Amino acid sequence: MNPDAGGSSSAPPPPSASQGAGAEEEERGGKQVVVVLVGPPGCGKSTFAEAVVTGSTAGRPWVRVCQDTIGNGKAGTKIQCLKAASDALKEGKSVLIDRCNLEREQRADFVKLGGTLHVDVHAIALDLPAKVCISRAVSRKGHEGNLQGGKAALVVNRMLQKKETPLLTEGFSRIMSCNDDGDIKKAVDLYNALGPSDSLPSGMFGQKSKGPVQVGIMKFLKKGDTSSGPKITLSESKQGQQNPLPKHEKVEAGITCRMEVEKGLDDKKENEEHAKESHSDNVGSRTLAFPSISTADFQFDLDRASDIIVDTAADFLQKFDNVRLVLVDLSEKSRILSLVKQKTSKKRIDSSRFVTFVGDITQLHTKGGLQCSVIANAANWRLKPGGGGVNAAIFNAAGESLQHATKKCADALRPGTSVVVPLPSVSPLHQREGVTHVIHVLGPNMNPMRPDYLKNDYTKGSKILHEAYNSLFENFASIVQSNMGKQSGTEMSASGGTSPKDTKMKREDSHGSERMKKHKLLPPTMTAKQQHECTKANAPNYHEKSTVSSAAPNQAREGDGKKSGVVASKTWGSWAQALYELAMHPDKYKNTDSILETSDEFVVLKDLYPKAKKHVLVISRTDGLDSLADVKKEHLPLLRRMHSAGLKWAQKFLEEDASLVFRLGYHSVPSMRQLHLHIISQDFNSTSLKNKKHWNSFTTPFFRDSVDVIEEIEQHGSATSSSDEKVLAMELRCHRCRSAHPNIPKLKSHISTCKSSFPSHLQQKNRLISLSTTMHMDCT
DNA sequence: GTTCTAGAAC
DNA sequence: GTTCTAGAAC
């Protein structure tokens, strides 16, 4: 086997000499090597080491140093291992370090030993799926370290949580990842074929690109306490350099930046307008400037890319108010800018909130008169400076502090993801241009000369580009949200995140994830039988429904839902009929203690699956009024009375428990038909709150405060700014302090103790109902 | 190994 | 909306 093959058919070319010891190694012409095996019990380290020691066909002497057996056949110490390795090296042998070495610190001494003795150090990461390692470790017999059976599963688990992927920066000249038995065999063959004076190319090999990972959660893990718990480095993919903009496209001196593509006085005026607005409204702190991702050196099709930019930007702007996006390109002839501009106007996106800009992204303020505190960088996977284009320009303009700050945030980037780097105030880009954050983004590559070439697979490519922009915008929103938190009185009507700098992530201990003890649910509104009967009785007529107008439900009920011109855009499932049935026939259910109040207009019901200590519904009895989409001006009196009824019940609950805080509101897209107002206490202390959708439906813009809905209908005649269901998939954030949490149990554990005050926008317009607000209301 | 999520079915 | 469960994550 040719050692240059790198042991993996998908291996990228070795990285530049500056990354490893490549050039040096070649000069030395190959010599001994220390191979540090990295992997949990059960990954096959010993088998690997034995296979190399006994199977070497090229005459290189190997020694296996195994901590499990080094103490006269029994487990020994790391010091013994170091001594044995050192002795073997001095005898001219190469060494395989057979111990877990999962943490950087655990393997550092072996790397150092290589340095002291001028021997190359390789890492072989045996990255088999955890469950494979566990099942092997559990079922093995006669293990040298006596780690087998049930105990092994625990140990493997604990170890894997602390795993730190080996990095070249630790001092390894070569890192090879084996993700399955095939990879392992290739690696063994490679080392077996290594003669005494052969050397292997340096760099990273065999990294498997992992499937999509939710960026918010990645951020959470990345930002988390570094002393314990799981860590994910972003170094598990490979990408090449990206030169997003051709170097020859220099900006003219004098009038460097222009709004849009055409020159002229009008544009200059427009530029000045923007600059003025920026200063007066502080819009700069809510502006993201970004280059087109992947369309330059990564050769992504411009037409497709412009579609994706416009789509993702439109989605984003719909979700978040008070933010502005600026697509920047150096050339006034930029095709991507004109395509985007064209498509933006077709889509009727607010032109003040999404603009294209010709100019240098590193001089937007000084040369373009544009305030943008956040800029995006079309980064390379290593997050290194250089490579030309935007990446080089930004790293140059920002100075060394950006490199250091970047290093603190991430080691590398996967295509389709981004990472926020707070720009230190010493950076010239910060001081001169007012840039406070740089978001590095990596898009898909369609350039055969670059790594991770997607071979014209635009299905995959488009998906990754979508992910890249979504990730960029989400990270931008997090920064804005965090800034808003600091500036009292300013609002951004969306949930977002906080920047890594501002969020102190607490990592809950395992007890935090303990499931809550189950307790008996409230008596059901309807028995299963009753529900079934109601469904059966009405099902033929109820299955199709248009949410377009209030007339549609009636139509659907009258016939088969296929009346001419009516396109059913939402189907209510049989389970979604319960509230309708109750609203139409409350008498049938009056004996259940779930019904608190009935009037001609509404029914007040304890939620069958309360998502908080107190959670009731005020259900409208108007036939055909199913969701906010159906609500018109004529329904305002009803909405106001529903609100008053809700308020009354909240006050009643406050008399019982003064510590509660309530919100009254509607779901943007309800799951049950028949318009219903939620009155829910903000403790969210309930076993029925089980998943992300539950949480986000009450803590993101998906939850529409009743006061806002009423105001909106008063002003516009309809509830226009309803959020779509996409926000339900957003990362989990505390509704008080906005900290992010990796899963529901951890989130619930956090909110049970979080004492932060509520975000400022909730504290306005009586969106929150507490004892103090009701007392205030009584007085006025 | 257990915990947790997310998609399908209802 | 919930329940169930496969499989991903830990």
Side-chain angles (χ1 to χ4, degrees), chain A residues 40-42 102 127-140 147-163 210-214 216-218 220-221 224 228-232 236 507-516 518 521-522 524-528 531-532 534-536 539 542-543 570-582 605 607-611 615 617 619 626-627 667 669-674 676 678 686-698 702 725 728-732 741-749:
Chain A
L102 285 169
D127 285 334
L128 270 64
K131 60 181 175 188
V132 172
C133 300
I134 288 166
S135 67
R136 285 183 188 173
V138 168
S139 57
R140 65 191 176 186
L147 185 66
Q148 58 204 36
K151 188 174 80 177
L154 279 172
V155 172
V156 174
N157 265 320
R158 211 176 305 141
M159 280 190 171
L160 281 178
Q161 285 189 359
K162 292 185 177 169
K163 176 183 154 192
K210 299 274 163 72
V213 179
Q214 192 187 337
I217 300 304
M218 288 291 282
F220 167 82
L221 291 164
S228 68
K231 293 187 180 69
I232 293 184
E236 296 177 318
R507 193 175 298 282
E508 275 86 9
D509 294 322
S510 54
H511 62 79
S513 64
E514 239 182 74
R515 283 176 190 280
M516 288 184 183
K518 283 205 170 183
L521 296 169
L522 283 163
T525 315
M526 276 185 267
T527 63
Q531 263 202 38
H532 179 71
C534 134
T535 304
K536 211 168 53 180
Y542 288 11
H543 275 266
K570 169 146 186 167
T571 306
W572 296 108
S574 55
W575 41 262
Q577 309 294 339
L579 298 183
Y580 173 77
E581 172 64 16
L582 181 87
L605 173 82
D607 196 296
L608 177 56
Y609 298 95
K611 304 302 185 291
H615 183 187
L617 305 176
I619 306 161
D626 284 331
S627 72
H667 281 159
V669 184
S671 296
M672 307 278 271
R673 65 179 289 205
Q674 201 63 24
H676 52 281
H678 292 266
S686 164
T687 50
S688 294
L689 198 159
K690 291 176 174 170
N691 58 46
K692 185 180 261 187
K693 189 177 173 183
H694 291 155
W695 177 255
N696 283 338
S697 74
F698 289 102
F702 188 85
E725 287 168 287
L728 297 178
M730 283 187 356
E731 60 189 352
L732 299 166
H741 298 268
N743 55 48
I744 288 287
K746 292 226 162 65
L747 171 80
K748 290 178 87 166
S749 163

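A note on names: the letters A, B, ... follow the listed sequences, proteins ahead of strands, and every chain is numbered from 1. For clarity, every value in this text was computed on a predicted model and none was experimentally measured. All values below were derived from every heavy atom in this structure, side-chain atoms included, with hydrogens, water molecules and symmetry-related copies excluded.
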Interatomic spacing from CG in L582(A) to CD1 in I619(A) - rounded to 0.5 Å: 5.0 Å
Could you check how far NZ of K693(A) sits from P of dA6(B), rounded to whole Å? 12 Å
When the distance from CD of E731(A) to P of dT5(B) is rounded to whole Å, what number comes out? 14 Å
Round to a whole Å and report the spacing from NE2 of H741(A) to C1' of dC4(B). 16 Å
Please pick, from dT3(C), dT2(C), dT5(B), the nucleotide with the shortest atom-to-atom distance to any side-chain atom of H694(A). dT2(C)
Ring geometry between F702(A) and H667(A) (parallel below 30°, tilted from 30 to 60°, perpendicular above 60°): tilted
Go through dT3(C), dT2(C), dT5(B) for me and flag the one nearest to the N743(A) side chain. dT5(B)
Can you check the W575(A) CH2 to dT2(C) P distance for me, whole Å? 10 Å
Using atom CG of L102(A) as one end and atom C1' of dC10(C) as the other, report the distance to the nearest whole Å. 14 Å
Rounded distance (Å) that lies between atom P of dT3(B) and atom CG of L747(A): 19 Å
Contact class for H676(A) (heavy atom, under 4.0 Å): base, sugar-phosphate, or nothing? nothing
If you check every side-chain atom of K692(A), which of dA6(B), dT3(C), dT5(B) has the closest atom? dA6(B)
OP1 or OP2 of dC10(C) less than 4.0 angstrom from a side-chain nitrogen or oxygen of K746(A), does that happen here? no
Nearest 0.5 Å, what's the NZ-CD1 distance between K690(A) and I744(A)? 12.0 Å
Is there side-chain contact between L728(A) and S697(A), with heavy atoms separated by less than 4.5 Å? yes
dT3(C), OP1 or OP2 - any side-chain N/O from K690(A) closer than 4.0 Å? yes
